[in-house]
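Data block below; observations after.
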Amino acid sequence: MARPTRPGELLPQERQREILQRLRSRGRVMAAELAAELAASEDSIRRDLRELAAQGLCRRVYGGALPLSAAVAPLKQRRGEQVGRKLALARKAASLVREGQVLLIDAGSTNAAIAAALPERMGLTVVTNAPDIALVLIEREGFEILLLGGRIDPHIGGAVGAQTLKELQRVRADLCFPGACAIDAGTGLWGFDSEESLLKRAMVEASGETVVVATSDKLGTVATHQVAGIGEVQHLVVEHDAGRALRATFSMHGLAVHRADPAG
C-alpha cells in the first residue's frame, strides 16, 4: 500500500515534474538539495530519479542526476534546423583556426557550417569523414582535403567503422571539431551512437587540441556513450545566450569558453 502524503507534500508525479523542470533550467540536480526544496526525504528523491532514469528522462550520477540531451535527428533534418544559430557558432569556431593547421572535422550540420566559415588561402588541411564537408571545401580556394573512407551512415552523414578508424590512426591534427551530442562540465563529451562515439574519441586522441561547438540545448547534458573527459577538451564555443553561470562552470574546469555573436 502506498504511503499517504502529508498535508502540503507533493505527490510523486508532481515531484517528478518539478525535478524535470529543475533539470532543464539548471542542467544538474543534487538529491540533497531537491529533498530540502521539495520537502521530501532523500530516499523519495532518489526513488524519483531512478524512475525518471528508467524512463530515459535523465541519467543518474553520484548524488543526483543530469538531463539527457535531445535525441539526434537524421542529418537531412538537422541541416534545416537552427540555421542562424549554427552560423553564428561556426563563425566563432572558425576564428580559432590558425594558418597552416591540420584540422579534423567530424560529420554534422554545425561542422558543415564551420567548414563553410573557414578562411581561405591559409594553407589549411582538413581531414573529415563527411562527404558533404569535403564538397563544401572543394568549391573554395586554398584547402587540402583528406576524406576518410569507410561505411557511410546516412543518419550520421559520415563514414564510421573499422576502416575509418584505421585511416584516422595515421593522422595527426592540430585541432579537431568532434560533433557534440552532449557536453557536461563534470562528465565531459558524450555521443549517442557507439560506433560514432568511438570515432569521435579517436579524433580527440589524434589532435593537439579539441574544440567542442554546442548549441545551448546540449550544454549540461549527457548521452549514452562517453567520448572524452572534460579535461581532454580545451575549447568550448557556445551561443550568445548561454547562461553566465553555465559558462563559468565550464571555465572552472579549465576550458576556454568562446561566446558566439548574436545569431542573425
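Counting begins at 1 with the first residue of the sequence.
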Handout entry: His240 (side chain) donor-acceptor with Ala260 (main chain) under 3.5 angstrom
Key = yes

Completion exercise
Between the CD1 atom in Ile114 and the CG atom in Leu96, the distance rounded to the nearest 0.5 Å is 9.0 Å

Problem - Side-chain (Arg259) to main-chain (Val237) donor-acceptor, under 3.5 angstrom - result: no

Exercise for the section: Would you please say whether a donor-acceptor pair under 3.5 Å links the side chains of Thr215 and Asp217? Expected result: yes

Handout entry: Nearest-0.5 Å distance that lies between atom CZ in Phe192 and atom SG in Cys181
Key = 6.0 Å

Problem - Spatial distance of atom OG1 (Thr128) from atom CD1 (Ile105) [nearest 0.5 Å] - result: 6.5 Å

Handout entry: With Ala162 via side-chain contact (heavy atoms from CB on, under 4.5 Å) - residues at least two apart
Key = none

Practice task
Please report the shortest heavy-atom distance between Ala223 and Gly191, naming the atom on each side.
Solution key: CB-O, 3.4 Å

Handout entry: Lys218 backbone acceptor or donor facing Thr221 side chain under 3.5 Å
Key = yes

Problem - Leu118 side chain near Val126 side chain, heavy-atom distance below 4.5 Å - result: yes

Exercise for the section: Taking Ser207 for its side chain and Glu209 for its backbone only, find out whether a donor-acceptor pair lies under 3.5 Å. Expected result: no

Problem - hydrophobic_cluster_shared for Leu147 and Leu103, side chain cutoff 4.5 Å - result: no

Practice task
Group every Ile, Leu, Val, Met, Phe, Trp and Tyr by side-chain heavy-atom contacts under 4.5 Å, then state whether Val257 and Val212 land in the same group.
Solution key: yes

Handout entry: Nearest-0.5 Å distance, OG of residue Ser251 to CZ of residue Arg244
Key = 12.0 Å

Problem - Same cluster (ILVMFWY, side-chain, under 4.5 Å), Phe250 and Leu89 - result: no

Completion exercise
On a heavy-atom basis, the closest approach of Asp132 and Ala112 is OD2-CB, 4.1 Å

Exercise for the section: Kindly determine whether Leu124 and Gln101 satisfy side chain to side chain contact (heavy atoms under 4.5 Å, CB included), including the steps that lead there. Expected result: CA-CA 5 Å; Leu124 297 175; Gln101 286 187 321; 4.3 Å; yes

Problem - Check: Ala107 main-chain N/O paired with Asn129 side-chain donor or acceptor under 3.5 Å - result: yes

Practice task
Please answer whether the main-chain N or O of Val102 pairs with a side-chain N or O of Asp174 as donor and acceptor at a distance below 3.5 Å.
Solution key: yes

Completion exercise
In short, Thr164 meets Gly149 closest at the heavy-atom pair OG1-O, 2.8 Å

Problem - Ser41 and Ser44: side chain donor to acceptor below 3.5 Å - result: yes

Problem - Leu165 reachable from Ile152 in the ILVMFWY side-chain graph, under 4.5 Å edges - result: no

Problem - Of all pairs that satisfy salt bridge (Lys or Arg N to Asp or Glu O under 4.0 Å), the ones with a partner from residues 137-151, not counting sequence neighbours - result: Glu120-Arg140, Arg121-Glu141, Arg151-Glu195

Handout entry: Shortest non-hydrogen separation from Ile230 to Asp184 and the atoms involved
Key = CD1-O, 3.6 Å

Fill in the blank from the handout: Here the gap from Lys200 atom NZ to Leu198 atom CG, rounded to the nearest 0.5 Å, amounts to 11.5 Å

Handout entry: Of all pairs that satisfy salt bridge (Lys or Arg N to Asp or Glu O under 4.0 Å), the ones with a partner from residues 220-234, not counting sequence neighbours
Key = Arg201-Glu232

Practice task
Check the hydrophobic clustering (I, L, V, M, F, W, Y; side-chain heavy atoms under 4.5 Å; chains of links allowed) and say if Val127 and Phe143 are grouped together.
Solution key: no

Exercise for the section: Step by step, work out the side chain to side chain contact (heavy atoms under 4.5 Å, CB included) result for Arg247 and Val238. Expected result: CA-CA 8 Å; Arg247 298 198 314 269; Val238 301; 3.9 Å; yes

Handout entry: Any side-chain heavy-atom pair of Pro178 and Thr210 under 4.5 Å
Key = yes

Practice task
Kindly give the heavy-atom pair with the smallest separation between Gly220 and Leu66, and that separation in Å.
Solution key: O-CD2, 4.2 Å

Fill in the blank from the handout: Only residue of Arg15, Gln16, Arg17 satisfying side-chain contact (heavy atoms from CB on, under 4.5 Å) with Gln13 is Arg17

Problem - Partners passing side-chain contact (heavy atoms from CB on, under 4.5 Å) against Gln169 (at least two apart in sequence or in another chain) - result: none

Practice task
Look only at the side chain of Glu14 and the backbone of Leu11, and say whether a donor-acceptor pair between them is shorter than 3.5 Å.
Solution key: yes

Exercise for the section: Could you walk me through whether Leu168 and Met203 pass side chain to side chain contact (heavy atoms under 4.5 Å, CB included), step by step? Expected result: CA-CA 7 Å; Leu168 180 56; Met203 288 184 172; 3.7 Å; yes

Handout entry: Partners passing ring pair (Phe, Tyr, Trp, His ring centres under 6.0 Å) against His235 (at least two apart in sequence or in another chain)
Key = His258

Practice task
Over all heavy atoms of both residues, which pair between Gly179 and Asn111 is shortest? Give the atoms and the distance, please.
Solution key: N-ND2, 3.7 Å

Completion exercise
Rounding to 0.5 Å, atoms CD (Glu239) and OG (Ser216) come to a distance of 4.0 Å

Exercise for the section: State, with a plain yes or no, whether a side-chain heavy atom of Val213 is found less than 4.5 Å away from one of Phe177. Expected result: yes

Practice task
For Glu18, check side-chain contact (heavy atoms from CB on, under 4.5 Å) against everything at least two apart and list the hits.
Solution key: Leu10, Gln21, Arg22, Leu38

